[in-house]
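Residue indices begin at 1 and follow the sequence shown. As the structure is a prediction and not an experimental result, all values here were calculated from the model. Any value given below was found using the heavy atoms of this structure, including those in side chains, with hydrogens, waters and symmetry copies removed.
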Amino acid sequence: MLATRQHLLASEAPKPTSARAPYLALALLGAAIAFASPAKAGPYLAVQCAAHLGAGHGGFHFSRSSPDFHGVRACGSGDGLGVTHERSPTEPGRYGVWVATPPAGTYFTRGRLVARGRRDGAYRPRLLLDAPRRSAPDSIGSPLPGFRTFEWRAGSRGDRLMAELTCTRRTNRCGRTDKPKMYVKRARFHLFDTSPPVVTGLGGPLLGAPVQRATQALTVNARDAGSGVRTVLVRTNGKLFDSVGSSCNIGADQLALGLSPCPNSAHSSVSVDTLLPGVHEGQNSITVCVDDYADASPNERCAKRRIRVDNDCPISDVTPKLRARVAFAGGRTVKRVKFGRRPRVVGTFARPSGGPGQGALVCVSERPAVTNSTERLIVPPLRTDARGRISARLPAGPSRLVYVTYWRGTERVVTRAIRLRVKPRLTLRVRPRGRLHNGQTMILRARLRGPFHAHREVRFLAKPPGGRWVPFSIHFVKRTNHDGVAHVSHTFRHVSGTQKFRFKVRVPHQTGYPYLAGHSHVQRKTVTAG
C-alpha cells in the first residue's frame with residue numbers, strides 16, 4: 001500500500017514522454033493532478049486541462065461562501081484555475097476556493113503546484129492543506145503576482161488541498177475592489193492508497209455447471225474505491241493462467257485523466273481452456289485476484305472457486321435426455337470399507353417417461369478425497385444395457401469420490417457422485433521377539449500401506465498393566481518416511497516382577513491424507529525384572 005497513480009488536468013495537451021503501457025507508467029511514476037503544460041516526467045503525473053473534464057469530475061471543484069467570488073477556468077490563456085472578485089464590499093471571512101480531494105480510501109502525502117495571486121486590502125490568496133480532525137488547515141504558502149512553484153508534504157493524512165481567495169477581516173467588510181485574484185496550475189499529487197479492491201462477482205459458464213470441458217468463459221466483476229482496478233489475474237491451482245488489464249481514460253502521455261479511481265469498476269471475461277497446462281482432469285481451484293494502482297506493493301484481494309474438469313469422457317453418440325441414479329451395490333451412496341476392498345458401483349439411467357436409457361455412453365471415474373486431486377477413468381466408457389444400467393468394480397485405493405458421467409454435448413451433461421470412505425491399513429511390529437528384561441531396548445516399527453503413505457503423522461500409544469492408553473513417550477508423535485515407515489524405541493529400566501504391556505499405533509485424520517482415522521492391532525510384550 002504505497003503511493004497510488006492518479007491525477008487530473010492541464011491547460012495544454014502534454015507531449016508523450018514514453019511508449020510504455022499506461023498501467024506501467026502509472027505504477028512507476030506516481031500520482032498527480034496537472035493543470036496546464038506538464039513538466040518533464042518525474043515522480044508525478046501530468047494530464048490534460050480541466051475544461052476537457054468539467055468541474056466535479058474527481059479533481060478540483062469550486063465553492064464559495066459569497067457571490068462576490070467567481071471560479072475561472074483559464075485553460076486557453078495558460079493561467080489554469082482561478083478565483084476572482086467583483087467590485088463590491090464583502091462580508092468578513094467570506095471566500096471562494098478551488099478544492100482538490102483524494103479518492104475514497106486514499107490520502108495526500110505530498111505534491112506541488114504552480115500558483116500566482118494578487119492581494120488587495122484584506123483580501124488574501126492562500127494555499128491550504130487540511131486533514132481530518134484538524135482544527136485549522138495548514139498553510140502551504142501565499143502566492144505572489146508571478147507564477148512560482150509550491151512544494152508541500154503532509155504531516156498527516158491530507159484530505160483537501162485548497163486554493164483560496166478570502167476576506168481575512170474578522171469584523172467589518174472588506175473593500176470594494178476587483179483586483180484580488182488567485183490562479184493555480186500544474187497541481188500534482190502523491191497519494192497513499194489504503195483501500196483494497198474487491199471482487200464483487202464471479203460467474204459465467206465455467207462456474208455454471210457441475211463439470212466442465214473444452215473452453216469456457218469466466219466473468220469477473222471488481223471495484224476499487226482508491227486508486228482504481230488495474231489488473232484482473234486468474235490463477236489455476238496456484239499458478240498464473242491469464243491476466244486482463246483494465247481500461248483507463250488516458251491522455252497522449254499514456255497517463256490516466258482524473259483524480260478518481262481509474263477505473264473504479266471493471267468487468268472482464270476470461271476464456272479458460274481446460275485442455276491447457278495448469279488445468280487437469282478432476283478438481284481444480286480457480287483463484288481470481290484484482291490489484292490496484294498502489295506503487296511497489298499493490299493492494300490485492302482474491303476470490304476462490306473450485307471446478308471439476310472432465311475432458312477424458314467422450315460425448316455420447318446416443319444422446320437422449322436421461323436422468324441418473326448411482327450407488328454402491330446394495331444401494332448406499334456413502335460406503336465405509338477396509339483398505340484393499342473393491343466395492344462395485346451401479347448406475348441406472350432412465351428416460352423422463354420412465355423407460356430405460358439404453359445405449360448411452362457413460363464413464364465411471366474417481367479421484368482421491370484430496371483438494372484439487374486428479375480424476376481418472378477406472379474402466380473404458382461403458383454402454384448402458386437394455387435396463388439402462390452400467391456396473392463397474394472399483395480398484396483398491398484411498399478414500400475417494402466416484403463419478404458417473406454422461407455427456408450429451410459439450411455443455412449438456414448428467415453426472416452423479418458417491419463417496420467411498422476407506423480405513424487405513426496400519427501395521428505395528430515389536431522387536432526383539434519374546435520376553436524382555438530390564439536394560440533391554442524395545443523397538444516399535446509402524447508402517448502405513450497404500451498410496452499417500454509418505455510423511456504422515458502417526459502416534460504410538462502404550463497401555464501399562466492396570467492403566468489406560470497413554471502416549472508411549474515424549475516422542476510418541478512421528479512422521480513416516482518415504483516408505484511409510486516410522487520407528488520409536490524404549491529401554492526398560494525399572495520393571496519389578498513380571499508385567500505385560502500393550503502397544504498400538506494410531507493414524508489421525510490429517511490434511512492431505514485421504515483415509516479415515518485408524519489404528520493398528522494391539523501388540524503385547526512381557527517384561528521381567530531379571
Problem - Stepwise side-chain contact (heavy atoms from CB on, under 4.5 Å) check, Arg126 with Tyr95 - result: CA-CA 11 Å; Arg126 300 187 297 183; Tyr95 60 85; over 6 Å; no
Handout entry: Pi-cation contact, Phe147 with Arg186 (under 6.0 Å, within 45°)
Key =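 No, a cation-pi geometry is absent between Arg186 and Phe147.
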Handout entry: Qualifying residue, where the test is side-chain hydrogen bond (donor to acceptor under 3.5 Å, both in side chains) with Tyr123 and the options are Thr177, Thr90, Thr166, Thr168
Key =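 Among Thr177, Thr90, Thr166, Thr168, the one meeting side-chain hydrogen bond (donor to acceptor under 3.5 Å, both in side chains) with Tyr123 is Thr90.
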Practice task
Scan residues 401-416 for pairs that pass salt bridge (Lys or Arg N to Asp or Glu O under 4.0 Å), counting only residues two or more places apart or in two chains.
Solution key: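 The answer is none; no pair qualifies.
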Problem - Pairs involving residues 195-216, ordered by first then second residue, that meet salt bridge (Lys or Arg N to Asp or Glu O under 4.0 Å) (sequence neighbours left out) - result: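 For residues 195-216, and leaving out neighbouring residues, there are no salt bridge (Lys or Arg N to Asp or Glu O under 4.0 Å) pairs at all.
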[Y] backbone acceptor or donor facing [X] side chain under 3.5 Å:
X      : Y      : answer
Asn237 : Val279 : no
Glu375 : Gln283 : no
Ser88  : Asp68  : no
Arg456 : Phe452 : yes
Thr319 : Ser316 : no
Asp193 : Ser227 : yes
Gln212 : Thr274 : no
Thr219 : Gly203 : yes
Lys185 : Gly78  : yes

[atom1] of [X]: more than 12 outside heavy atoms within 6.0 angstrom?
X      : atom1 : result
Arg376 : CZ    : no
Arg64  : CZ    : yes
His475 : NE2   : no
Arg153 : CZ    : no

Practice task
Determine the sole option in Asp242, Ile307, Val234 for which the side chain to side chain contact (heavy atoms under 4.5 Å, CB included) test with Leu218 is passed.
Solution key: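 Single pass found, and it is Val234.
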Check whether any side-chain heavy atom of [X] lies under 4.5 Å from a side-chain heavy atom of [Y], and answer yes or no.
X      : Y      : value
Arg400 : Val422 : yes
Val83  : Glu164 : no
His280 : Val309 : no
Leu127 : Val184 : yes
Ser265 : Asn221 : no
Pro137 : Arg160 : no
Asp120 : Arg118 : no
Arg124 : Ser142 : no

For residues [X] and [Y], report the shortest heavy-atom separation together with the two atoms involved.
X      : Y      : answer
Pro298 : Asp291 : CB-CB, 4.0 Å
Thr287 : Cys302 : CG2-CB, 4.0 Å
Pro398 : Pro451 : CD-CG, 4.3 Å
Pro102 : Gly158 : CG-O, 4.1 Å
Phe62  : His70  : CZ-C, 3.5 Å
Arg116 : Pro145 : CD-O, 3.4 Å

Would you check if there is a donor-acceptor pair between the side chains of [Y] and [X] at a distance under 3.5 Å?
X      : Y      : value
Thr194 : Arg157 : no
Asp138 : Trp152 : no
Thr236 : Asn284 : no

Within this structure, what is the [atom1]-[atom2] distance for the pair [X] and [Y], rounded to the nearest 0.5 Å?
X      : Y      : atom1 : atom2 : value
Leu129 : Asp159 : CG    : CG    : 8.0 Å
Thr101 : Phe108 : OG1   : CZ    : 6.5 Å
His482 : His455 : NE2   : NE2   : 8.0 Å
Leu81  : Met182 : CG    : CE    : 10.5 Å
Leu516 : Ser399 : CG    : OG    : 5.0 Å
Tyr406 : Cys363 : OH    : SG    : 12.0 Å

With sequence neighbours left out, write down each residue that passes salt bridge (Lys or Arg N to Asp or Glu O under 4.0 Å) with [X], or none if nothing qualifies.
X      : value
Arg367 : none
Asp178 : Arg87
Glu91  : Arg173

Handout entry: Worked check of salt bridge (Lys or Arg N to Asp or Glu O under 4.0 Å) between Arg230 and Asp224
Key = CA-CA 9 Å; Arg230 176 173 58 178; Asp224 183 54; over 6 Å; no
Exercise for the section: Step by step, work out the side-chain contact (heavy atoms from CB on, under 4.5 Å) result for Tyr107 and Thr109. Expected result: CA-CA 6 Å; Tyr107 59 86; Thr109 60; 3.8 Å; yes
Exercise for the section: Can you sort out the partners of Phe241 under ring-ring contact (aromatic ring centres under 6.0 Å, His included), two or more places apart, ordered by chain and number? Expected result: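 With neighbours one apart ignored, the set is empty.
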Handout entry: Trace of the side-chain contact (heavy atoms from CB on, under 4.5 Å) decision for Glu300 with Leu233
Key = CA-CA 10 Å; Glu300 183 179 83; Leu233 301 161; 3.8 Å; yes
Handout entry: Evaluation steps, side-chain contact (heavy atoms from CB on, under 4.5 Å), between Arg223 and Asn264
Key = CA-CA 5 Å; Arg223 294 187 62 84; Asn264 65 349; 3.8 Å; yes
